[in-house]
Asker: 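This is the structure I have questions about; it appears just below.
So that the names make sense, note that chain A is the first sequence line, chain B the second, and so on, each numbered from 1.
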Protein chains: 2
Amino acid sequence: MSTDPAAVAKKKPARGSASTPATGKRSERKQRTREHLLDAALSLMEAGRGFSSLSLREITREAGVAPAAFYRHFSDLDELGLALVEACGLTLRRLLREVRRQELPPTQMLRSSVVTYKDYVKDNHRYFRFAAGARGGGSPSIRKAIRIEEAHFANEMAQDMRDLNMLPHLSMDMLQVMCGLVVTTMMNAASDILDLPAGNAQAEKEMTETFVMQLRLVFLGARSWLSS
Amino acid sequence: MSTDPAAVAKKKPARGSASTPATGKRSERKQRTREHLLDAALSLMEAGRGFSSLSLREITREAGVAPAAFYRHFSDLDELGLALVEACGLTLRRLLREVRRQELPPTQMLRSSVVTYKDYVKDNHRYFRFAAGARGGGSPSIRKAIRIEEAHFANEMAQDMRDLNMLPHLSMDMLQVMCGLVVTTMMNAASDILDLPAGNAQAEKEMTETFVMQLRLVFLGARSWLSS
DNA sequence: TATTTAGGTATACAACTGTTCACTAAAATA
DNA sequence: TATTTTAGTGAACAGTTGTATACCTAAATA
């Protein structure tokens with residue numbers, strides 16, 4: 001997650017107050033096995049299984065840890081799921097930063113964004129696999145968390161477009177509605193991308209093209225949108 | 001499924017050939033408990049659980065049948081899932097017929113279609129719950145089946161629009177791309193509709209409005225689309 | 001240094017899982 | 001009517017599940 005030792009949570013700030021140099025090895029190890037658990041869950045889903053079909057014992061087994069150790073980190077499988085949602089949120093925000101940094105040659109900007117996105121999904125396929133799966137299927141609390149994360153993402157995207165002065169004739173509300181649609185479409189496309197047959201470059205190109213056209217439709221609609 | 005006795009599959013066509021009047025009570029009963037099994041699965045998912053978290057024994061218990069009886073109908077939970085996908089396909093096609101029959105007052109047609117859809121999702125919430133959940137989460141084979149069903153639906157929709165001479169400047173390919181986007185958006189909306197807090201008319205109205213605007217965006221984009 | 005804290009292990013338990021098998025009884029066939 | 005088929009049963013199986021318990025040991029604290 002973070003390589004900054006200062007980011008490690010500490011329950012008691014230590015009585016000597018300020019400048020406790022670093023809490024040292026205990027919480028480090030804890031954090032590490034926690035990540036092993038999260039990683040294990042993601043690995044088990046790589047074959048295409050949904051999160052809700054995983055069992056606690058499977059996960060601890062994959063993580064190389066005794067079943068009971070699980071409870072030192074999460075009280076529940078659901079809680080682990082929520083942690084995964086949070087990690088996905090970070091991943092998504094990183095994507096946004098990546099696209100933002102790309103500066104726009106406005107002609108091909110949409111297509112190149114799609115290509116960036118496609119590669120990004122492949123690089124982070126474990127997170128997207130989880131998100132795409134749990135979005136509709138997970139427990140209600142996980143579903144809700146994912147939806148909140150998506151809304152967050154859509155809002156950031158809308159704010160970005162506002163700052164870049166794109167589609168300035170749209171109200172902020174309308175911009176958010178549009179970005180919501182884009183996010184939905186992106187998530188759905190992620191699911192398609194992940195299920196692409198491995199070596200089939202033809203199918204991949206086709207899918208990309210469809211995706212580009214769909215986004216183009218949305219942007220075109222936004223451009224000719226009138227008033228509120 | 002079908003009330004037509006002639007639709008019942010028969011392995012040996014009977015040697016007396018033609019006009020076997022009706023195979024009678026045995027296959028009727030079989031069909032009935034088969035539907036009990038499908039129903040049981042849908043019922044268990046009503047609380048929000050995903051299909052992949054159901055167990056064979058749970059389903060037979062809910063259906064009021066011994067566990068071993070399951071194998072007389074499906075070899076697998078996966079196979080039952082595929083049967084559910086097929087049932088969903090029928091449901092979707094029924095929806096299309098319903099909307100088609102509505103005849104279009106083209107001004108408010110989009111909004112009224114959305115309302116129709118919303119009610120339809122609520123009426124058939126069990127099927128949509130399953131579809132929305134298994135679309136990303138289920139086993140690979142179920143996911144694939146759902147995707148095929150969605151594509152079918154999108155294509156029928158495109159053909160319908162062609163027949164009604166809507167957006168005549170679009171190529172058939174482009175129409176299909178657009179309908180694909182609409183179907184995706186609809187499916188996502190279904191998930192939102194199902195998770196609506198029960199009595200909240202305000203939230204419902206808001207969601208409907210957002211949904212309408214998103215579709216309007218797509219249609220607007222389609223109207224101003226140029227060439228291939 | 002002595003004491004406390006807490007991440008992790010091993011073991012045990014009752015509950016549940018998917019699947020098999022021999023069986024019944026009623027319907028379909030000959 | 002006699003025979004065969006077959007949807008459904010009930011008991012048994014080996015595995016797996018989630019959770020509780022007592023315990024160990026290294027790090028953190030006093």
Side-chain angles (χ1 to χ4, degrees), chain A residues 5 8-17 19-41 44 49-81 139, chain B residues 5 8-41 44 49-81 83 139:
Chain A
V8 174
K10 187 92 175 304
K11 265 172 196 166
K12 293 187 182 175
R15 46 173 201 124
S17 75
S19 85
T20 35
T23 319
K25 282 191 241 177
R26 186 107 114 199
S27 47
E28 270 179 43
R29 283 192 76 82
K30 176 160 188 179
Q31 187 80 351
R32 188 134 49 91
T33 72
R34 187 189 139 101
E35 272 159 31
H36 283 169
L37 287 171
L38 296 173
D39 257 27
L44 289 169
R49 301 178 46 193
F51 176 74
S52 56
S53 75
L54 302 184
S55 78
L56 184 149
R57 284 182 110 106
E58 243 179 330
I59 293 175
T60 55
R61 210 180 300 136
E62 177 82 13
V65 143
F70 182 91
Y71 296 102
R72 303 281 184 202
H73 302 270
F74 310 100
S75 65
D76 221 45
L77 269 181
D78 225 80
E79 206 170 295
L80 184 145
S139 76
Chain B
V8 173
K10 188 94 173 302
K11 266 170 195 167
K12 293 186 184 178
R15 48 176 200 123
S17 75
S19 87
T20 35
T23 319
K25 281 193 245 175
R26 187 107 112 198
S27 48
E28 270 179 41
R29 284 191 74 82
K30 175 160 187 180
Q31 187 81 351
R32 188 135 47 92
T33 71
R34 187 190 139 101
E35 272 159 31
H36 283 168
L37 287 170
L38 295 172
D39 257 28
L44 289 168
R49 300 178 47 194
F51 175 73
S52 56
S53 76
L54 302 184
S55 79
L56 183 150
R57 284 183 110 105
E58 242 179 330
I59 293 175
T60 55
R61 209 180 301 137
E62 177 81 13
V65 144
F70 182 91
Y71 297 102
R72 302 283 182 201
H73 302 271
F74 311 100
S75 66
D76 221 43
L77 269 180
D78 226 80
E79 206 169 295
L80 184 144
S139 77

Asker: Please classify the nucleic acid contact of Phe70(B) as base, sugar-phosphate, or nothing, using heavy-atom distances under 4.0 Å.
Answerer: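 If one applies the 4.0 Å heavy-atom cut-off, Phe70(B) turns out to touch nothing in the nucleic acid.
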Asker: Can you check the Asp78(A) CG to dT19(D) P distance for me, whole Å?
Answerer: 12 Å
Asker: Consider the side chain of Arg72(A), meaning its heavy atoms from C-beta on, and name the nucleotide among dG18(D), dG7(C), dG8(D) that approaches it most closely.
Answerer: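 Side chain of Arg72(A) sits closest to dG7(C).
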Asker: What nucleotide, of dG8(D), dG8(C), dG18(C), holds the atom closest to the side chain of Leu77(B)?
Answerer: dG18(C)
Asker: Polar atom pairs between nucleotides 1-5 of chain C and protein, under 3.5 Å, N or O only, would you list them?
Answerer:
from   : atom 1 : to       : atom 2 : distance (Å)
dT5(C) : O2     : Arg26(A) : NH2    : 2.5

Asker: Taking only the side-chain nitrogens and oxygens of Thr33(B), find out if one of them lies under 4.0 Å from OP1 or OP2 of dA7(D).
Answerer: no
Asker: Give the rounded distance in Å between these two atoms: CD of Glu28(A) and P of dG7(C).
Answerer: 14 Å
Asker: By the salt bridge (charged side-chain N to carboxylate O under 4.0 Å, His left out) test, which pairs, at least two apart or in different chains, include something from residues 49-65 of chain A?
Answerer: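 Counting only pairs at least two positions apart or across chains, the salt bridge (charged side-chain N to carboxylate O under 4.0 Å, His left out) contacts touching residues 49-65 of chain A are Arg49(A)-Glu58(A).
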Asker: Rounded to 10°, tell me the angle between the two end axes of the helix from dT1(C)-dA30(D) to dA30(C)-dT1(D), each built from five pairs.
Answerer: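 What I find for the helix from dT1(C)-dA30(D) to dA30(C)-dT1(D) is an axis angle of 20°.
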Asker: NZ of Lys25(A) versus C1' of dA26(D): gap in Å, rounded?
Answerer: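 Those two atoms, NZ and C1', are 9 Å apart.
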Asker: Please list, in numerical order, the residues of residues 50-57 of chain A that have a heavy atom closer than 4.0 Å to any atom of DNA chain D.
Answerer: Ser55(A), Leu56(A), Arg57(A)
Asker: Rounded to the Å, how far apart are Glu58(A) CD and dC16(C) C1'?
Answerer: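 Roughly 16 Å, once rounded to whole Å.
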Asker: Any residue in residues 59-68 of chain B with a heavy atom nearer than 4.0 angstrom to DNA chain D? Just list them by number, or reply none.
Answerer: Val65(B), Ala66(B), Ala68(B)
Asker: Residues two or more places apart in sequence or in another chain: which of them pass side-chain hydrogen bond (donor to acceptor under 3.5 Å, both in side chains) with His36(A)?
Answerer: none
